[in-house]
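Written below as structure tokens is the structure these notes are about.
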Amino acid sequence: MLNMLVLELSFTPPPSMITFLLSATSNSILDRAIDSEEAQHHDFLRLEHIEGYHELSAKTKIYFSTAVAKWDADFYVKVDDDVHLNLGVFASTLAHYRSKPRVYIGCMKSGPVLADKNVKYHEPEFWKFGEDGNKYFRHATGQIYAISKDLATYISINQVSSHLR
């Protein structure tokens, strides 16, 4: 399943690279189509990970561990496939943070917990979350974010050590 557009941004040549991030599939027809596309454009990064809603953070950690090992970049960026991004403006924004360590730039979210079971992303245990009036605490969301090389390296080191336990 193609569900992330990933950018590794560096401010030395080449200036940026766009890669489509994929988890493992169980669809041989899809796999052959992906193999054909990859042979032509070299723009996929396949992870040793099976896609699943409850494994989203694992996929992110595996991505950062893989990206840091594979590419030397100033920032590693994750963008969902349904987000429109002006790469020039985004790269200019990131350039302002190059000299700062352990940078996270991304979307933050808070607001009402979805308690109505007729809503698409209903939270069945809504009563456990948040503040008065069942509001989520302010937290990072995954539609788009960039992290610095230092932060990606930290995640990679801790991803590896978590597998050893």
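Just so you know, these numbers use all the heavy atoms, side chains as well, and skip hydrogens, waters and symmetry mates. By convention here, the first residue in the shown sequence is residue 1.
- When all heavy atoms of Ser148 and Pro101 are compared, the closest pair comes out as OG-C, 4.3 Å.
- Interatomic distance, Ile155 CD1 to Asp150 CG, rounded to the nearest 0.5 Å: 11.5 Å.
- The shortest non-hydrogen separation linking Ser156 to Ser65 is CA-OG, 3.3 Å.
- Looking only at side-chain heavy atoms (C-beta outward), Phe75 and Val103 come within less than 4.5 Å of each other.
- Here the shortest heavy-atom pairing between Cys107 and Gln143 reads CB-OE1, 4.3 Å.
- Atom OH of Tyr154 has 12 or fewer neighbouring heavy atoms from other residues, nucleotides or ligands inside a 6.0 Å radius.
- A pairwise comparison of heavy atoms in Ile147 and Phe64 identifies CD1-CE2, 3.3 Å as the closest pair.
- Side-chain atoms of Phe90 and Val79, non-hydrogen and from C-beta on, never get closer than 4.5 Å to each other.
- Leu94 is not listed as a side-chain neighbour of Asp74, based on a closest heavy-atom distance of 4.5 Å or more.
- Judged purely by atom type and a 3.5 angstrom limit, Asp80 has no side-chain atom pairing as donor or acceptor with the backbone of Asp82.
- Met108 and Leu151 end up in the same hydrophobic cluster when Ile, Leu, Val, Met, Phe, Trp and Tyr side chains are linked at under 4.5 Å.
- A donor-acceptor pair under 3.5 Å is formed between the side chain of Tyr76 and the backbone N or O of Trp71.
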